[in-house]
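Keep in mind it's a predicted model, so treat the numbers as computed, not measured.
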Amino acid sequence: MGLKTRWEVLEVRRLSKNWGIVETTRLKVTQFDGRVMEQWRETYDCGDGAVILPVDRVRGHVLLGRQFRWPAAYRGDPDPMLIEAAAGKLDDAAPEDRIRGEAEDELGLVLQDTRFLFSLYMSPGSVTERLHFFTAVYGAEDARQRYGGLRDEGEEIEILDLPLAEALAMIADGRVRDAKTVILLQYAALHLMPGASS
């Protein structure tokens, strides 16, 4: 890891504060060879989040949700009902606590034990969000609920109890188009249930 960059913040302008904060920042950046440049960078700060993929190792299943996503509709996606792992913003809660709440709200699962996997920046070019990835174990008896979400927050989620092999095939045929979900499904295939992926 040879490159080292030093920077100094010269100016910050807030462009918007609604659900998140959009700012533009003027930086003085000193590159590894000593060259100094001024750069403007925009950031969108919507807070950090957590995401979980419940797995049923006995049946080789995973639990996902399907819900309407406005950005997909905005882009003209013919099917803006995206299939995703349950996720949500931390809102000042610990990631472990928040993801248990999301699993209950979105998937109808009451989870006692969650397992932390890793944290990732999802779009580090301009978005400050770090997403904390988790998994947990569930069984067939936990997957009876068909719909979830908090109606007073506009959520309406179809709960999908799927074989891992089918969920992976849905990546290949374009039905799963959400990055965090693809990451978790591939992680499950490699590390959690390698025998269930075919």
Side-chain angles (χ1 to χ4, degrees), residues 1 19-21 43-67 69 71 82-145 147-150 153 155 157-171 175-198:
M1 306 289 179
W19 191 59
I21 297 171
T43 52
Y44 178 55
D45 184 354
C46 57
D48 289 348
V51 60
I52 192 162
L53 181 69
V55 297
D56 178 347
R57 287 189 172 103
V58 174
R59 296 181 301 139
H61 278 218
V62 295
L63 208 58
L64 300 171
R66 182 174 173 266
Q67 63 182 311
R69 290 302 198 185
L82 297 189
I83 297 170
E84 303 176 41
K89 296 295 174 195
L90 297 185
D91 296 328
D92 298 321
E96 296 81 2
D97 297 333
R98 189 70 197 107
I99 202 55
R100 280 195 287 274
E102 286 297 323
E104 188 168 355
D105 294 344
E106 295 190 8
L107 302 174
L109 284 182
V110 178
L111 298 174
Q112 302 304 319
D113 297 317
T114 57
R115 181 176 147 212
F116 173 75
L117 300 175
F118 40 76
S119 297
L120 301 175
Y121 286 98
M122 296 306 293
S123 186
S126 59
V127 180
T128 64
E129 177 188 40
R130 277 179 314 166
L131 202 53
H132 305 281
F133 287 72
F134 290 86
T135 189
V137 174
Y138 80 103
E141 66 282 357
D142 302 316
R144 294 187 181 141
Q145 195 166 316
Y147 298 97
L150 297 176
E153 293 184 10
E155 291 181 335
I157 299 170
E158 179 184 1
I159 300 170
L160 306 174
D161 181 27
L162 300 170
L164 176 59
E166 182 180 345
L168 292 167
M170 293 166 86
I171 297 170
R175 286 179 288 163
V176 172
R177 303 181 303 283
D178 171 66
K180 65 185 179 296
T181 305
V182 171
I183 291 167
L184 279 169
L185 290 173
Q186 291 180 342
Y187 185 90
L190 289 170
H191 302 287
L192 303 176
M193 299 188 296
S197 59
S198 56

Atom pairs and distances, side-chain donor-acceptor, residues 176-186, under 3.5 Å, sequence neighbours left out:
| from | atom 1 | to | atom 2 | distance (Å) |
| --- | --- | --- | --- | --- |
| Arg177 | NE | Asp77 | OD2 | 3.2 |
| Arg177 | NH1 | Gly174 | O | 3.0 |
| Arg177 | NH2 | Asp77 | OD1 | 3.3 |
| Arg177 | NH2 | Asp77 | OD2 | 3.4 |
| Arg177 | NH2 | Asp79 | O | 2.5 |
| Asp178 | OD1 | Lys180 | NZ | 3.0 |
| Asp178 | OD2 | Lys180 | NZ | 3.0 |
| Asp178 | OD2 | Thr181 | N | 3.1 |
| Asp178 | OD2 | Thr181 | OG1 | 2.6 |
| Lys180 | NZ | Glu84 | OE1 | 2.8 |
| Thr181 | OG1 | Ala85 | N | 2.8 |

Say you draw a straight line from [atom1] of [X] to [atom2] of [Y]; how long is it, rounded to the nearest 0.5 Å?
X: Leu64; Y: Glu106; atom1: CG; atom2: CD; value: 11.0 Å
X: Arg66; Y: Glu158; atom1: CZ; atom2: CD; value: 5.5 Å
X: Cys46; Y: Glu129; atom1: SG; atom2: CD; value: 4.5 Å
X: Leu164; Y: Asp56; atom1: CG; atom2: CG; value: 11.0 Å
X: Leu117; Y: His191; atom1: CG; atom2: NE2; value: 9.5 Å
X: Gln67; Y: Ile159; atom1: CD; atom2: CD1; value: 11.0 Å

Handout entry: Phe118/Tyr187 aromatic ring centres below 6.0 Å
Key = yes

Handout entry: Set of residues satisfying side-chain hydrogen bond (donor to acceptor under 3.5 Å, both in side chains) with respect to Thr135, sequence neighbours excluded
Key = none

Exercise for the section: For Thr43, check side-chain hydrogen bond (donor to acceptor under 3.5 Å, both in side chains) against everything at least two apart and list the hits. Expected result: none

Problem - Listed partners of Asp161 passing salt bridge (Lys or Arg N to Asp or Glu O under 4.0 Å), at least two apart - result: Arg59

Completion exercise
Residues passing the salt bridge (Lys or Arg N to Asp or Glu O under 4.0 Å) test with Asp97, sequence neighbours excluded, are Arg100

Problem - Qualifying residue for side-chain contact (heavy atoms from CB on, under 4.5 Å) with Pro54, from Val62, Thr114, Leu107 - result: Leu107

Exercise for the section: For the residue pair Val137 and Asp113, establish whether any side-chain heavy-atom pair is separated by less than 4.5 Å. Expected result: no

Smallest separation among heavy atoms of [X] and [Y], with atom names:
X: Ile52; Y: Ala103; answer: CG2-CB, 4.4 Å
X: Ala87; Y: Glu102; answer: O-OE1, 3.0 Å
X: Ala167; Y: Leu162; answer: CB-CD1, 4.5 Å
X: Pro95; Y: Ala50; answer: O-CB, 4.1 Å

Handout entry: Main-chain N/O of Ile21 paired to Asp45 side chain as donor or acceptor, under 3.5 Å
Key = no

Exercise for the section: Please confirm whether the backbone N or O of Leu192 pairs with a side-chain atom of Arg57, one donor and one acceptor, at under 3.5 Å? Expected result: yes

Fill in the blank from the handout: Applying ring pair (Phe, Tyr, Trp, His ring centres under 6.0 Å) to Phe116 and not counting sequence neighbours gives Phe134

